[in-house]
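Let me begin by presenting the structure, written as structure tokens, before commenting on it.
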Amino acid sequence: MSVSFSTIRTRFADKIKTLSGFTESRNPYDDFNRNPNTVAQMRFSVGIQDIDAIPEQRESVSVGVLCNTTVQVKFPYRLRPKDQVTDYGLALDKAQEIIKAITNRAAPLHTGLQIFFNSLSNEITDSGEYIIQTLSFNVLHSISLS
């Protein structure tokens, strides 16, 4: 079963929207979270970052192209001035919620896909007000050539 890149991005976003407190950003995924501070808390974005064809395959119109696609999820979490260490822990817990939701093998997210958690990185904004969590997943799937 072939699954398009846009469908993968949409399925990830739809799954994360089911988690308490998360809303999807109106801005496309980029290297910097551009949401206004008043709505930034847990406003996530999903991006397709890297797409590699699996080299040991036969590409054909009937089969398609087998791909290893990197999907990244990014969200800010507010660090309160007097509770930054506590909020850092809460941000990590929220990241773990996403990992659990995305890697739980269930339809429709996993239909035609194999999803594996790859990494978590974070960065504190220059103002110190937010920590930006970035989660990376590898997705094996095929795309249609017809």
- prompt: For the residue pair I132 and P76, what are the closest heavy atoms and their distance?
  reply: CD1-CB, 3.6 Å
- request: Please step through salt bridge (Lys or Arg N to Asp or Glu O under 4.0 Å) for the pair E97 and K94, ending with a clear verdict.
  value: CA-CA 5 Å; E97 281 182 39; K94 288 296 182 181; 3.4 Å; yes
message: Looking at K17 and D14, is any side-chain nitrogen of the basic one under 4.0 Å from a carboxylate oxygen of the acidic one?
response: yes
- prompt: Going by heavy atoms in the side chains, are N122 and L92 under 4.5 Å from each other?
  reply: yes
- prompt: Near Q96 CD, under 6.0 Å, is it more than 12 heavy atoms from other residues, nucleotides or ligands?
  reply: no
field: Between CG on residue L79 and CG on residue L90, distance to nearest 0.5 Å
entry: 10.0 Å
- prompt: Do side-chain atoms of S136 reach the backbone of Q72 as a donor and acceptor pair under 3.5 angstrom?
  reply: no
message: Go through it in stages, so that I can follow the logic: the residues are H110 and I115, the test is side chain to side chain contact (heavy atoms under 4.5 Å, CB included), and I'd like the CA-CA distance, side-chain angles, deciding distance and then a yes or no.
response: CA-CA 7 Å; H110 282 260; I115 302 172; 3.6 Å; yes
task: Assess whether side-chain hydrogen bond (donor to acceptor under 3.5 Å, both in side chains) is satisfied between R43 and S25, documenting all intermediate values.
output: CA-CA 5 Å; R43 181 153 288 187; S25 175; 5.7 Å; no
field: side-chain contact (heavy atoms from CB on, under 4.5 Å) partner of K15, the single match among I98, I102, V46
entry: I102
field: Side chain proximity check, Y29 to I48, heavy atoms < 4.5 angstrom
entry: no
task: Assess whether side chain to side chain contact (heavy atoms under 4.5 Å, CB included) is satisfied between R80 and T86, documenting all intermediate values.
output: CA-CA 9 Å; R80 295 170 292 171; T86 299; 4.3 Å; yes
- line: Test side-chain hydrogen bond (donor to acceptor under 3.5 Å, both in side chains), reference H141, set N68, T111, T69, output is T69
Evaluation steps, ring pair (Phe, Tyr, Trp, His ring centres under 6.0 Å), between Y77 and Y88: CA-CA 8 Å; Y77 196 92; Y88 175 71; over 10 Å; no
task: Measure from the side-chain N and O atoms of R11 to the backbone N and O of P108, and report whether any donor-acceptor pair falls under 3.5 Å.
output: yes
- request: Give the C-alpha distance, both sets of side-chain angles, the deciding distance and a yes or no for side chain to side chain contact (heavy atoms under 4.5 Å, CB included) between I51 and I143.
  value: CA-CA 11 Å; I51 303 161; I143 57 171; over 6 Å; no
message: Does D93 have more than 12 heavy atoms from other residues, nucleotides or ligands lying within 6.0 Å of its CG?
response: yes
Donor-acceptor under 3.5 Å (T10 side chain, S6 main chain): yes
message: For F116, does the six-membered ring have the charged nitrogen or CZ of R105 within the cation-pi criterion, i.e. under 6.0 angstrom from the centroid and within 45° of the normal?
response: yes
query: Taking C-beta and beyond as the side chain, do L135 and K74 meet within less than 4.5 Å on heavy atoms?
result: no
query: Taking atom CD1 of I99 and atom CZ of F117, what is their separation to the nearest 0.5 Å?
result: 3.5 Å
